[in-house]
Visitor: 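My questions will all concern the structure given below.
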Amino acid sequence: MPEIGVVPGELGDDKDGVLKKIANMLDMEKKDIEKQLSAGWVKDDSFVPLKKVKPENTDLLKKATSLPGVLKQDTQSRYYPFGEKAAHLTGYIRPITEEELKQDKGSYSEHSLMGIVGLEHVYEKQLRGEIGWTISVPESGATIASKDAKDGTDIHTTIDIKKQEELYSQLKDDSGTAVALQPQTGETLALVSAPSYDPNGFLFGWKKGEWEKLNKDKEAPFTSKFNKTYAPGSTIKPITASIGLKNGAIKTDEAKKIVGKEWQKDSSWGGYKVTRVSDQLSEVNLENALITSDNIYFAQTALDTGSDKFTEGLKSFGFEEKLGYEFPTKASSISNDGIDSEILLADSGYGQGQMLMSPIHLAASYTPFLNNGDLIKPYLIKKDGDEKEIWHKNVVPADGAETITKGLRGVVEDPRGSAYKPVVKGLSIAGKTGTAELKTKKDEKGKENGWFTAYDYKNKDLLITMMIQDVSDRGGSSYVVNKVKNVFKK
């Protein structure tokens with residue numbers, strides 16, 4: 001890694017002018033450079049390192065080293081070649097603080113670098129290795145004791161960097177997240193969060209004002225979104241269908257009679273009613289319910305399943321269970337305090353209850369539709385062999401998985417489907433959109449998160465979940481659909 005520095009005795013007659021120029025080039029303060037040059041160890045022929053430079057910054061290296069007394073030397077350093085595109089996944093290392101050193105039990109020194117977030121933090125012990133040391137007698141050179149240094153262990157992820165870059169390019173101007181899986185094996189192909197930051201800033205320094213700007217950004221660019229939990233909206237409907245089929249509350253070939261746009265179970269619900277988008281259909285089977293995203297159908301399915309069995313079914317899909325994933329991820333939750341009312345049960349069935357899911361878990365929850373009803377466990381770190389791990393077996397009957405895929409194909413391929421537009425020829429994807437409105441009061445207008453989870457039903461090699469925040473003025477979930485389709489197109 002190139003590092004730019006100066007040799008004080010070779011700065012020439014215009015020392016002040018050279019220092020001004022190099023300070024400007026390196027985005028440093030001239031007084032800070034002068035302070036480094038005044039250190040007790042510095043002599044006229046000393047190389048005083050100033051700043052490491054990203055290896056691709058060849059123009060800067062050329063301009064800087066053309067100044068008298070300014071040289072470069074190669075040094076070892078961590079470098080993140082994909083910068084913002086993988087920042088939340090990789091995390092970063094930085095020099096240890098005095099406070100952290102005090103808390104340490106002796107494995108770090110004042111010169112140590114630490115992994116702070118992301119995989120750098122999760123695998124800190126394995127990646128950094130162990131410091132070596134020797135105690136010897138100066139006069140004789142005799143060694144009293146020593147310990148060999150140990151290199152850190154390499155960590156190999158399952159990430160497909162092309163997918164990572166493609167998803168980041170779709171999300172970079174938004175606030176949101178995306179997860180891509182190989183749905184038949186559970187391999188994680190991409191984990192993206194936006195807005196992002198360049199982790200190299202912690203090693204090579206920040207441009208003037210960049211750190212302050214990132215810190216003040218209300219969209220929290222330093223915080224990953226793919227491992228947090230959010231209301232899933234209508235993307236929960238295929239899971240509700242799976243639980244209903246498993247418990248016999250619905251059948252693939254039977255239709256529900258639903259009349260009108262609004263419905264309530266009985267007068268005990270007071271003024272509360274479930275509303276659906278369209279009342280064109282009065283005989284609604286599972287396939288059409290998925291295509292038209294019929295809230296009433298899925299509310300009735302949850303009610304007919306019953307609170308206990310519906311909760312048990314959600315747990316079979318991994319709710320309220322630690323994901324056991326290599327990247328710390330918040331567990332998905334069903335409700336604040338159990339499903340304690342019929343209205344909450346009905347609302348939960350179509351994604352408007354108190355349910356929260358992580359994008360990683362939501363992506364995994366669609367794997368049964370490509371694996372004969374088995375829920376596949378997602379993983380991020382490569383392992384020996386390609387044996388997939390079944391997280392929960394038979395969470396949906398195999399024939400039910402086929403019907404659900406047929407309905408989700410219709411969401412994309414049928415003009416009635418919410419993911420029909422934009423029409424992209426040649427795609428073989430099935431999926432479900434969702435919009436979750438976030439509000440603190442019942443009658444207020446809240447911001448909307450838009451979702452789209454989709455998989456290639458023909459090739460069965462890619463499954464994507466994407467969530468973008470605040471889409472209400474940008475076409476809702478259709479704004480997300482377009483971006484996901486762009487990735488499948490490639």
Side-chain angles (χ1 to χ4, degrees), residues 88 176-181 183 186 188 191-193 223-244 246 298 301-302 305 307-340 344-369 371 373-380 389-393 395-396 404 431-438 449-455 463-469 480:
H88 299 94
T177 182
V179 177
L181 300 179
T188 305
L191 285 177
V192 175
S193 182
T223 303
S224 62
K225 294 181 173 71
F226 47 74
N227 62 336
K228 308 297 186 293
T229 57
Y230 310 86
S234 289
T235 57
I236 199 68
K237 289 173 180 173
I239 299 172
T240 299
S242 301
I243 297 167
K246 180 85 173 173
F298 293 101
T301 299
T305 303
S307 179
D308 290 346
K309 287 183 177 178
F310 187 67
T311 299
E312 187 182 316
L314 289 172
K315 287 180 178 179
S316 78
F317 268 87
F319 277 83
E320 296 184 351
E321 183 179 340
K322 281 190 177 179
L323 194 56
Y325 193 65
E326 296 93 338
F327 199 107
T329 301
K330 193 173 181 183
S332 298
S333 58
I334 297 170
S335 63
N336 299 336
D337 191 26
I339 299 180
D340 54 4
L344 181 56
L345 177 58
D347 282 350
S348 300
Y350 65 97
Q352 294 299 320
Q354 299 164 350
M355 195 178 292
L356 297 172
M357 292 185 82
S358 71
I360 296 170
H361 180 208
L362 180 55
S365 71
Y366 276 55
T367 60
F369 311 134
N371 291 278
D374 293 336
L375 177 65
I376 306 302
K377 195 176 186 101
Y379 66 97
L380 177 61
E389 184 180 347
I390 295 174
W391 187 5
H392 289 285
K393 283 189 73 68
V395 296
V396 54
I404 289 171
K432 186 73 192 76
T433 60
T435 306
E437 189 176 4
L438 312 175
N449 289 345
W451 291 89
F452 187 41
T453 295
Y455 53 88
L463 187 158
I464 295 172
T465 284
M466 184 181 285
M467 184 275 290
I468 296 178
Q469 297 177 315
V480 189

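Both backbone and side-chain heavy atoms feed into the values below; hydrogens, waters and symmetry mates do not. Sequential numbering from 1 along the given sequence is applied to the chain's residues.
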Visitor: Is there a side-chain contact between Tyr366 and Thr235, using heavy atoms and a 4.5 Å cut-off?
Guide: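 Counting from C-beta outward, Tyr366 and Thr235 do come under 4.5 Å.
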Visitor: Once you round to the nearest 0.5 Å, how far does CD of Gln354 lie from OG of Ser335?
Guide: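 Taking CD in Gln354 and OG in Ser335, the distance rounds to 5.5 Å.
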Visitor: Indicate the atoms forming the closest heavy-atom contact of Ala436 with Ala231, along with that distance.
Guide: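 Answer, listing the atom of Ala436 first, then Ala231: CB-O, 3.4 Å.
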Visitor: List for me each residue that meets side-chain hydrogen bond (donor to acceptor under 3.5 Å, both in side chains) alongside Tyr455, sequence neighbours excluded, and say none if there are none.
Guide: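 Result, side-chain hydrogen bond (donor to acceptor under 3.5 Å, both in side chains) vs Tyr455: Thr405.
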Visitor: For the side chain of Asn227 and the backbone of Ile360, is there at least one donor-acceptor N/O pair under 3.5 Å apart?
Guide: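 Checked: no pair found.
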Visitor: Is a donor on one side and an acceptor on the other found under 3.5 Å between the side chain of Thr367 and the backbone of Ile376?
Guide: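 At least one qualifying donor-acceptor pair exists.
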Visitor: Is the closest side-chain heavy-atom distance between Lys225 and Pro359 below 4.5 Å?
Guide: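 Of all side-chain heavy-atom pairs linking Pro359 with Lys225, none is under 4.5 Å.
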Visitor: Rounded to the nearest 0.5 Å, how far apart are OG of Ser348 and CD1 of Ile239?
Guide: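 Here the rounded value is 12.5 Å.
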Visitor: Any chance NZ of Lys309 has more than 12 other-residue heavy atoms, nucleotides or ligands included, within less than 6.0 Å?
Guide: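 Incorrect, the count does not exceed 12.
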Visitor: Between the side chain of Thr177 and the main-chain N/O of Val192, is any donor-acceptor distance below 3.5 Å?
Guide: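 Side chain of Thr177 to backbone of Val192: a pair is present.
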Visitor: Determine whether Leu362 and Trp451 make a side-chain contact, defined as any pair of heavy atoms from C-beta on separated by less than 4.5 Å.
Guide: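 Heavy-atom side-chain distance check passes, below 4.5 Å.
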Visitor: Quick one: NZ on Lys393 to OG on Ser316, what's the gap to the nearest 0.5 Å?
Guide: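 Separation between the atoms: 13.0 Å.
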Visitor: Which heavy atom of Val480 sits nearest to which heavy atom of Gly450, and what is that distance?
Guide: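 For Val480 versus Gly450, the nearest heavy atoms are CG2-O, 3.5 Å.
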Visitor: Hey, does Gln469 have a side-chain heavy atom less than 4.5 Å from the side chain of Asn449?
Guide: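 A side-chain contact exists here, since the closest heavy-atom pair is under 4.5 Å.
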Visitor: Does the side chain of Tyr379 come within less than 4.5 Å of Glu389's, by heavy atoms?
Guide: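 The answer is no; the side chains never approach within 4.5 Å.
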Visitor: Is the closest side-chain heavy-atom distance between Ser242 and Ile404 below 4.5 Å?
Guide: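 Result yes, sub-4.5 Å side-chain heavy-atom pair found.
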Visitor: How close do Leu344 and Gly338 get, heavy atom to heavy atom, and via which atoms?
Guide: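 Closest approach of Leu344 to Gly338, heavy atoms only: CD2-O, 3.8 Å.
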Visitor: Sequence neighbours left out, what passes salt bridge (charged side-chain N to carboxylate O under 4.0 Å, His left out) with Glu320? Give chain and number order.
Guide: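 For Glu320 the salt bridge (charged side-chain N to carboxylate O under 4.0 Å, His left out) partners, ignoring immediate neighbours, are Lys315.
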Visitor: Closest heavy-atom contact between Trp391 and Leu323?
Guide: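 Shortest heavy-atom contact: CH2-CD1, 3.2 Å.
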Visitor: For Lys330, I'd like to know if atom NZ has over 12 heavy atoms of other residues, nucleotides or ligands within 6.0 Å.
Guide: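 Atom NZ in Lys330 is not crowded, with 12 or fewer foreign heavy atoms closer than 6.0 Å.
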Visitor: Does any part of the side chain of Ser358, heavy atoms only, come nearer than 4.5 Å to the side chain of Thr229, both counted from C-beta?
Guide: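 In short, these two side chains touch, coming nearer than 4.5 Å.
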Visitor: Taking only residues two or more places apart in sequence, or in another chain, which ones meet Phe319 in a ring-ring contact (aromatic ring centres under 6.0 Å, His included)?
Guide: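 Checked Phe319 against ring-ring contact (aromatic ring centres under 6.0 Å, His included); matches are His361.
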Visitor: Just verifying a value: how many Å separate Ile334 CD1 and Leu345 CG, rounded to the nearest 0.5 Å?
Guide: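 CG of Leu345 is found 11.0 Å from CD1 of Ile334.
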Visitor: Knowing that exactly one of Thr301, Thr311, Leu314, Val396 qualifies, which makes a side chain to side chain contact (heavy atoms under 4.5 Å, CB included) with Ile243?
Guide: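 Single side chain to side chain contact (heavy atoms under 4.5 Å, CB included) partner of Ile243 among Thr301, Thr311, Leu314, Val396: Leu314.
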Visitor: side-chain hydrogen bond (donor to acceptor under 3.5 Å, both in side chains) with Ser365: which residues, sequence neighbours excluded?
Guide: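 Ser365 satisfies side-chain hydrogen bond (donor to acceptor under 3.5 Å, both in side chains) with no residue once adjacent residues are dropped.
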Visitor: State which residues pass side-chain hydrogen bond (donor to acceptor under 3.5 Å, both in side chains) with Thr453; sequence neighbours excluded, sorted by chain then number.
Guide: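 Per chain and number, Thr453 pairs via side-chain hydrogen bond (donor to acceptor under 3.5 Å, both in side chains) with Thr465.
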Visitor: Considering residues at least two apart in sequence or located in another chain, which fulfil the side-chain hydrogen bond (donor to acceptor under 3.5 Å, both in side chains) criterion with Ser234?
Guide: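 So Ser234 forms a side-chain hydrogen bond (donor to acceptor under 3.5 Å, both in side chains) with Lys237.
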Visitor: Check whether any side-chain heavy atom of His392 lies under 4.5 Å from a side-chain heavy atom of Phe317, and answer yes or no.
Guide: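 Heavy-atom side-chain distance check fails, nothing below 4.5 Å.
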Visitor: Ignoring hydrogens and angles, tell me if any N or O in the side chain of Thr240 forms a donor-acceptor pair with the backbone of Gly349 under 3.5 Å.
Guide: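 Yes, Thr240 side chain to Gly349 backbone: donor-acceptor pair under 3.5 Å.
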Visitor: One pair to check against side chain to side chain contact (heavy atoms under 4.5 Å, CB included): Thr223 and Lys228. What are the steps and the verdict?
Guide: CA-CA 10 Å; Thr223 303; Lys228 308 297 186 293; 3.9 Å; yes
Visitor: To the nearest 0.5 Å, what is the distance between NZ on Lys322 and OG1 on Thr329?
Guide: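 Answer for the NZ-OG1 pair, Lys322 versus Thr329, is 11.5 Å.
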Visitor: Once you round to the nearest 0.5 Å, how far does CG of Leu191 lie from CG of Leu380?
Guide: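 Answer rounded to 0.5 Å: 6.0 Å.
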Visitor: Output yes when a side-chain donor or acceptor of Ser307 lies under 3.5 Å from a complementary backbone atom of Ile339, and no otherwise.
Guide: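 Present.
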